Engineer: 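Input: one structure, supplied below.
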Amino acid sequence: MTRYEEAFEKAKAKFRVSAVKAAEAGIIPYKSENGEWISSPYDGNGWWTGGFWPGLMWQFYAESKEESFLAEARRTERLLTDEFRVFKNLNHDVGFMYLLSCGADDKLTGDPQARTDTLHAASLLMGRLNPAGFIRAWNHPSQAGFAIIDCMMNLSLLFRASRDTGDPRFRNAAVIHADTTLREFLRPDGSVSHIIEFDPADGKRVREHAGQGYTLGSSWSRGQAWGLYGFTLAFMNTGDERYLKAAQRIAAYFVSHIRPDGLTDSDFCQPPEEERVDNMAGAIAACGLLELAKADGGHRWKEAAEKLINGLLDHCADWTENRCGILTRCTASYHDDGAGRHTNITYGDYFLTEALAKLNGTDPMLWL
Ligand code: GLY
């Protein structure tokens with residue numbers, strides 16, 4: 001058994017037990033505290049991270065076909081589809097939420113309601129397109145012109161809806177947003193901005209915002225990882241070489257900033273004396289690098305992904321059986337500790353598991 005297969009087996013065993021705890025509590029785990037699951041501190045089940053828990057369950061189900069994982073995935077899928085009727089909390093992150101829940105259910109079981117729900121989510125994302133050139137990120141009235149790099153991950157929901165329905169509208173919307181992101185977010189050194197504000201009336205660039213990174217113009221590492229994986233997915237969805245080149249540039253920038261121990265700073269421009277690590281960024285980037293290596297045959301991307309995953313397994317994996325969660329030292333935002341700093345957060349576990357599944361050849365590729 002390889003190191004990665006062994007880690008996947010241990011993760012499966014741990015989540016088999018801790019999924020029972022989540023079901024008993026009736027929650028969608030957001031992070032663990034003192035070894036116990038807690039739900040999102042924001043927006044209940046409408047918070048953008050809700051898909052990662054069912055996504056984890058589908059990863060384990062895809063590999064093992066164990067019914068308990070399917071049951072837990074479906075329990076939380078229902079909580080997420082209930083959010084269609086609440087509506088007000090939903091934003092561009094319906095891609096994260098529904099690709100990994102009903103989208104995965106449709107993909108792995110062919111469930112017709114799951115397919116309908118996935119299309120419903122795609123229609124919500126489509127409805128956020130401002131024809132002036134971008135998909136609106138968030139709902140606050142002051143943010144009508146905000147677009148963010150993270151949205152590159154959500155575009156797959158649109159590409160998929162066009163494939164499933166034969167209607168090019170969804171794909172066209174995704175391409176409009178991806179082209180704007182290519183033009184406005186990618187910097188000359190291969191890094192990407194987190195937030196760009198546009199004039200919602202005409203789509204003209206207004207300003208950049210620092211977002212979840214260290215400061216204006218710095219490089220929030222998770223944003224780099226979203227850009228890297230998101231442009232790789234845009235290439236996989238379209239075959240457009242411009243997106244592949246963007247992914248390669250961001251990847252080269254990210255790889256040049258991996259720490260010697262394989263961990264990832266929360267911002268690549270943070271002051272050296274400030275120890276802030278975001279291992280979620282490393283896990284997401286590893287997934288993107290493994291897909292990029294398949295797309296362009298680049299061995300160096302796979303080597304970098306393994307450096308990241310080995311760093312996480314060597315230094316930051318909590319395998320204690322009676323504690324929920326695995327990946328430690330995850331940081332949601334550089335300056336705001338409310339969503340978690342240097343702690344276990346479920347989407348870190350999701351991307352670590354996805355990367356292990358890719359390395360082991362069992363990944364069902366839930367993003368497409
Ligand atoms: N997509 C939001 C975040 O990465 O925090």
Side-chain angles (χ1 to χ4, degrees), residues 28-31 39-43 45-53 55 80 83 89-101 121 124-125 128 134-140 143 146-157 177-178 181 185 191-196 209-214 218-231 233-234 250 254 264-268 270 276-288 327 329-352 354-355 366-367:
I28 303 177
Y30 168 71
K31 62 178 179 173
S39 54
S40 156
Y42 309 109
D43 291 346
N45 294 331
W47 185 238
W48 75 277
T49 52
F52 295 108
W53 178 257
L80 290 173
E83 291 297 313
N89 295 325
L90 297 178
N91 55 41
H92 74 130
D93 284 328
V94 289
F96 285 116
M97 292 172 72
Y98 296 106
L99 277 168
L100 299 184
S101 54
L124 292 175
L125 185 55
R128 302 189 70 85
F134 63 94
I135 290 175
R136 176 177 174 170
W138 299 309
N139 299 339
H140 193 276
Q143 296 176 332
F146 279 39
I148 72 172
I149 190 68
D150 319 31
C151 191
M152 287 304 298
M153 294 296 292
N154 294 320
L155 299 185
S156 273
L157 183 61
H177 183 83
T181 307
F185 284 68
S191 67
V192 289
S193 309
H194 181 199
I195 302 173
I196 302 292
H209 294 264
Q212 284 156 256
Y214 168 59
S218 71
S219 298
W220 177 49
S221 60
R222 200 159 70 252
Q224 312 310 305
W226 294 141
L228 155 54
Y229 200 177
F231 273 111
L233 289 170
I250 304 167
F254 195 104
T264 306
D265 285 331
S266 182
D267 192 305
F268 292 140
Q270 70 195 33
R276 275 186 178 67
V277 170
D278 179 19
N279 281 327
M280 300 187 288
I284 297 160
C287 291
L327 189 62
R329 304 188 81 194
C330 302
T331 298
S333 186
Y334 195 88
H335 292 291
D336 173 10
D337 291 345
R341 172 168 171 210
H342 285 184
T343 188
N344 168 255
I345 304 182
T346 310
Y347 54 106
D349 286 342
Y350 174 79
F351 283 102
L352 174 62
E354 182 183 311
L366 303 179
W367 299 101

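Bear in mind that the values here come from a model prediction, so they are computed numbers and not experimental data. Read the numbers this way: they start at 1 and go in the same order the structure lists the ligands and their atoms.
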Engineer: Name the orientation class of the two ring planes belonging to Tyr229 and Phe351 (parallel below 30°, tilted from 30 to 60°, perpendicular beyond 60°).
Structural biologist: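 Answer is perpendicular, since the angle exceeds 60°.
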Engineer: Any side-chain to backbone donor/acceptor pair from Arg128 onto Arg136? Under 3.5 Å, distance only.
Structural biologist: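 Yes: the side chain of Arg128 pairs with the backbone of Arg136.
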Engineer: Is a donor from one side chain sitting under 3.5 angstrom from an acceptor on the other, for Ser221 and Asp278?
Structural biologist: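 No - no donor-acceptor pair under 3.5 Å links their side chains.
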Engineer: Pairs of nitrogen or oxygen atoms, one from ligand 1 and one from the protein, closer than 3.5 Å: please tabulate them with distances.
Structural biologist:
unit_1	atom_1	unit_2	atom_2	d
ligand 1	1 (N)	Asp150	OD2	2.6
ligand 1	4 (O)	Asp150	OD2	3.4
ligand 1	4 (O)	Arg222	NE	2.9
ligand 1	4 (O)	Arg222	NH2	3.2
ligand 1	4 (O)	Trp226	NE1	2.9
ligand 1	5 (O)	Gln212	NE2	2.8
ligand 1	5 (O)	Arg222	NH2	2.5

Engineer: Any side-chain to backbone donor/acceptor pair from Gln224 onto Ile250? Under 3.5 Å, distance only.
Structural biologist: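 No: the side chain of Gln224 does not pair with the backbone of Ile250.
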Engineer: Nearest 0.5 angstrom please: Met280 CE to Tyr347 OH, how far?
Structural biologist: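 So the gap between those two atoms works out to 3.5 Å.
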Engineer: Measure the OH-CG distance between Tyr214 and Asp267 for me, rounded to the nearest 0.5 Å.
Structural biologist: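 Reported value, rounded in 0.5 Å steps: 8.5 Å.
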